[in-house]
Each structure stands twice: as C-alpha cells, then as structure tokens.
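In listed order, ligands and their atoms are each counted from 1.
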Amino acid sequence: MTRRILLLGGVTEALAIARTLGPEHVYSLAGIGRVPQDLQCQVRVGGYGGAEGLANYLREAGITLLIDATHPYAAQISRNAAAAAQAVGIPCWALRRPAWQAQPGDDWREVADWAELVEALKPFKRPLFTLGREPLQHLEEIPPGQFWTLRALEACQGNEQCEVIAARGPFHIDDERRLFERRQIDVLVSKNSGSVATEPKLDVAHELGLPVLILKRPALPLTDQTFTELNALLECLS
Ligand code: NAP
C-alpha cells in the first residue's frame with residue numbers, strides 16, 4: 001500500500017518534516033500561525049471537529065500514517081490524534097520535545113494551573129508572561145501594585161497595568177537581557193516547551209537569580225512510536 005501521511009503541525013520541527021514530504025502527503029495546521037506557501041506536500045488549515053471528525057478525514061483521505069508534531073501543551077489535538085488513529089487502525093507517531101531541565105542555581109517553581117499561578121505570583125511585582133494569550137483573559141484581575149509584561153505572537157490590547165509585546169522567536173539572549181532590564185522583570189512565567197528558540201529567557205532568569213514559574217506539562221497519550229529527536233523521526237520516514 002502506498003504510504004500517505006497526515007502530519008499535524010504546531011512546532012518548528014513539524015515544518016522541517018513537512019519540507020521532506022511529497023505531494024501525496026498532507027501537512028495540517030490549526031490556522032493560528034503562518035501558512036507556508038513553498039511546500040511540495042499539500043497544506044490543510046483548520047480543525048476536523050474532534051477525534052471523530054479527524055477519524056473520518058483519515059478514512060476519506062486514505063491516510064496510512066498519522067504524525068503528531070504539535071506543541072507539548074496542545075493536549076487536545078494529541079488526544080484526538082491518538083484516538084482517531086486507533087479508531088481507523090493506522091499507526092500514530094509523535095514527536096515530543098524533551099522538557100527543559102533546571103540547572104544548579106535555578107529557582108523553578110512548577111504550577112498546575114492558572115489558580116496556582118496567581119497564588120505563586122503574589123510576592124512579585126513585575127512578571128514577564130510567556131504563556132501565549134491566556135493571561136489576556138485576566139487583565140482585569142491584576143492585583144494593585146503588579147505590572148505585567150505579556151509576550152505573545154500577535155499584538156493585542158493591554159491595559160495600564162499590562163504591556164503586551166508582540167514577538168516571535170527565535171529570541172537572542174542580548175535582546176532578552178534588554179527586555180528584562182527595561183521592564184524590571186522580577187519573575188518569569190513560562191510553559192516548559194523545551195524549544196531551543198525560546199530558551200534564552202531561562203538563561204537570563206538564571207543570570208539574574210530570578211524565579212521561574214513553570215506551568216506543568218499536560219499528560220499526553222501514548223502513541224505507537226514516540227520520538228524525542230527530529231532526526232530520528234526523519235530517519236524512520238526515509
Ligand atoms: P489544542 O487545544 O490541543 O487543540 C485545539 C483544537 O485545534 C483541536 O481540537 C483541533 O480542532 C485544532 N488543531 C490543533 N492543532 C491542529 C492541527 N495541527 N491541525 C488541525 N487542527 C488542529 O491546541 P492549542 O493549544 O489550542 O494549539 C493550537 C495549535 O497551536 C496546535 O497545533 C499547537 O501545536 C500550536 N501551538 C500551541 C501552543 C500552546 O502553547 N498550546 C504553542 C505553540 C503552538 P478540531 O478538534 O476541530 O480538530
């Protein structure tokens with residue numbers, strides 16, 4: 001049987017996989033980021049309507065291998081992928097980035113959810129949020145005396161207690177140092193994405209002896225094959 005891959009994208013490495021795929025394969029994006037125009041494979045943008053919708057698509061499109069290369073915090077699509085592949089009877093592979101590990105001298109504090117984060121933030125005045133857009137829903141709840149810096153992919157409206165900075169990685173350590181200094185950051189708030197492109201903020205927090213509040217990674221489903229390295233996955237595909 002001819003192999004036909006559906007690649008669920010969401011991280012930089014997914015695009016690297018997509019660049020190796022021919023026109024019979026499909027690269028699938030949620031539609032919140034940039035859509036590449038220079039690929040040989042087909043590009044599909046938008047959701048499927050849950051695990052059932054994804055399973056229907058897999059059947060209709062004759063997909064024989066599903067690859068989950070979504071972000072480690074995009075747990076819903078990963079759950080849908082594992083369930084849909086199982087329902088259709090095709091293998092599901094996943095590329096899962098290893099989490100960043102604290103180094104000696106780091107002060108990392110893991111929080112499970114937004115409520116725990118708010119509690120952990122109480123002693124601080126000037127957090128830098130690098131969690132995506134979620135903090136935007138809480139701008140009216142910023143305690144008196146706290147001033148947030150929120151970095152997101154797209155420009156968004158802040159308020160008098162929150163400056164929103166639109167920026168996309170990769171980030172350079174010198175720019176990160178300048179940002180921490182300019183905004184007088186006293187705590188960093190981050191997911192543990194494991195991405196090299198966004199790691200320099202952790203180095204700056206380390207240099208300055210600042211705590212890092214890390215949102216716990218969600219549990220992800222088991223898959224038929226899990227790769228922690230892009231090259232290992234590419235080798236298996238070749
Ligand atoms: P999510 O909660 O796991 O997924 C929400 C819904 O978005 C899914 O149920 C699915 O809709 C659709 N979707 C997600 N990835 C898709 C893909 N590759 N192709 C087609 N549909 C997709 O994900 P999220 O956290 O909102 O993230 C959305 C996308 O941004 C993901 O692809 C993720 O990899 C990427 N991303 C997420 C983060 C993060 O921190 N969460 C960071 C960077 C990039 P249906 O149920 O309708 O199929």
Can you list the atoms of ligand 1 that are under 4.0 Å from a heavy atom of [X]?
X: Ser28; value: 17 (C), 18 (N), 19 (N), 20 (C)
X: Tyr48; value: 20 (C), 45 (P), 47 (O), 48 (O)
X: Ala75; value: 3 (O)
X: Gly49; value: 45 (P), 47 (O), 48 (O)
X: Gln76; value: 1 (P), 2 (O), 3 (O), 4 (O), 9 (O)
X: Gly47; value: 11 (O), 21 (N), 45 (P), 47 (O), 48 (O)
X: Gly46; value: 20 (C), 21 (N)
X: Thr70; value: 34 (O)

With a 4.0 Å cut-off, would you call [X] and [Y] a salt bridge?
X: Glu163; Y: Arg182; result: yes
X: Arg96; Y: Glu13; result: no
X: Arg177; Y: Glu207; result: yes
X: Glu176; Y: Arg151; result: yes

Query raised in the report: Where the closest heavy atom to atom 9 (O) of ligand 1 is concerned, which of Leu215, Asn80, Ile32, Leu153 has it?
Result: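 Answer by nearest heavy atom: Asn80.
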**Report entry** Option nearest atom 24 (P) of ligand 1 (shortest heavy-atom distance, choices Gly132, Gly9, Ala74)
**Finding:**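 Heavy atom nearest to atom 24 (P) of ligand 1 belongs to Ala74.
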Query raised in the report: Could any protein non-hydrogen atom be found less than 4.0 Å from atom 6 (C) of ligand 1?
Result: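 When distances to the protein are checked, atom 6 (C) of ligand 1 has no heavy atom within 4.0 Å.
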Query raised in the report: Protein heavy atoms: any of them under 4.0 Å from atom 11 (O) of ligand 1?
Result: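 Protein heavy atoms within 4.0 Å of atom 11 (O) of ligand 1 - there is at least one.
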Query raised in the report: What is the distance from atom CG of Leu7 to atom CG of Leu95, rounded to the nearest 0.5 Å?
Result: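 Between Leu7 CG and Leu95 CG, I get 9.5 Å after rounding to 0.5 Å.
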What protein heavy atom sits nearest [atom], and how far off is it?
atom: atom 44 (C) of ligand 1; answer: Gly10 O, 3.3 Å
atom: atom 37 (C) of ligand 1; answer: His71 CB, 3.5 Å
atom: atom 46 (O) of ligand 1; answer: Gly50 N, 3.0 Å
atom: atom 16 (C) of ligand 1; answer: Ala30 CB, 3.6 Å

**Report entry** Heteroatom distance test (Arg44, ligand 1): nitrogen or oxygen, under 3.5 angstrom
**Finding:**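 So ligand 1 has no N or O lying under 3.5 Å from an N or O of Arg44.
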Query raised in the report: Mind checking whether Val11 has an N or O less than 3.5 Å away from an N or O of ligand 1?
Result: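 No: no nitrogen or oxygen of Val11 is under 3.5 Å from one in ligand 1.
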Query - Stepwise side chain to side chain donor-acceptor pair (under 3.5 Å) check, Ser28 with Tyr48 - result: CA-CA 10 Å; Ser28 166; Tyr48 297 85; 2.7 Å; yes
Side chain or backbone of [X] under 4.0 Å from ligand 1, or both, or neither, by non-hydrogen atoms?
X: Lys191; result: side chain
X: Leu131; result: neither
X: Ser78; result: neither

Query raised in the report: More than 12 foreign heavy atoms under 6.0 Å from CD of Glu229: is that the case here?
Result: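 Open.
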Query - Short side-chain to backbone donor-acceptor contact, Arg126 and Asp186, under 3.5 Å - result: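 The answer is no, because no donor-acceptor pair under 3.5 Å joins these two groups.
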Query raised in the report: Is the backbone N or O of Pro36 less than 3.5 Å from a side-chain atom of Arg34, with the two atoms forming a donor-acceptor pair by type?
Result: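 Checked: no pair found.
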Report task. Take Glu52 and Asn56, measure what side chain to side chain donor-acceptor pair (under 3.5 Å) needs, and give me the verdict at the end. Result -> CA-CA 6 Å; Glu52 207 176 311; Asn56 289 337; 5.1 Å; no
Report task. State if Leu29 counts as touching ligand 1 under the rule of any non-hydrogen atom under 4.0 Å. Result ->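 For ligand 1, residue contact (heavy atoms, under 4.0 Å) with Leu29 is present.
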Requested in this report: Tell me yes or no: between the side chains of Trp148 and Gln146, is some donor less than 3.5 Å from an acceptor?
Outcome: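 Their side chains do contain a donor-acceptor pair, which is all the 3.5 Å distance test asks for.
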Report task. Using only heavy-atom distances, determine whether the side chains of Glu235 and Asn231 contain a donor-acceptor pair under 3.5 Å. Result ->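 No, because no side-chain N or O of Glu235 sits under 3.5 Å from a partner of the opposite role on Asn231.
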**Report entry** Mutual orientation of the aromatic rings belonging to Phe227 and Trp93 [parallel < 30°, tilted 30-60°, perpendicular > 60°]
**Finding:**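 The arrangement is tilted - the two ring planes meet at 30° to 60°.
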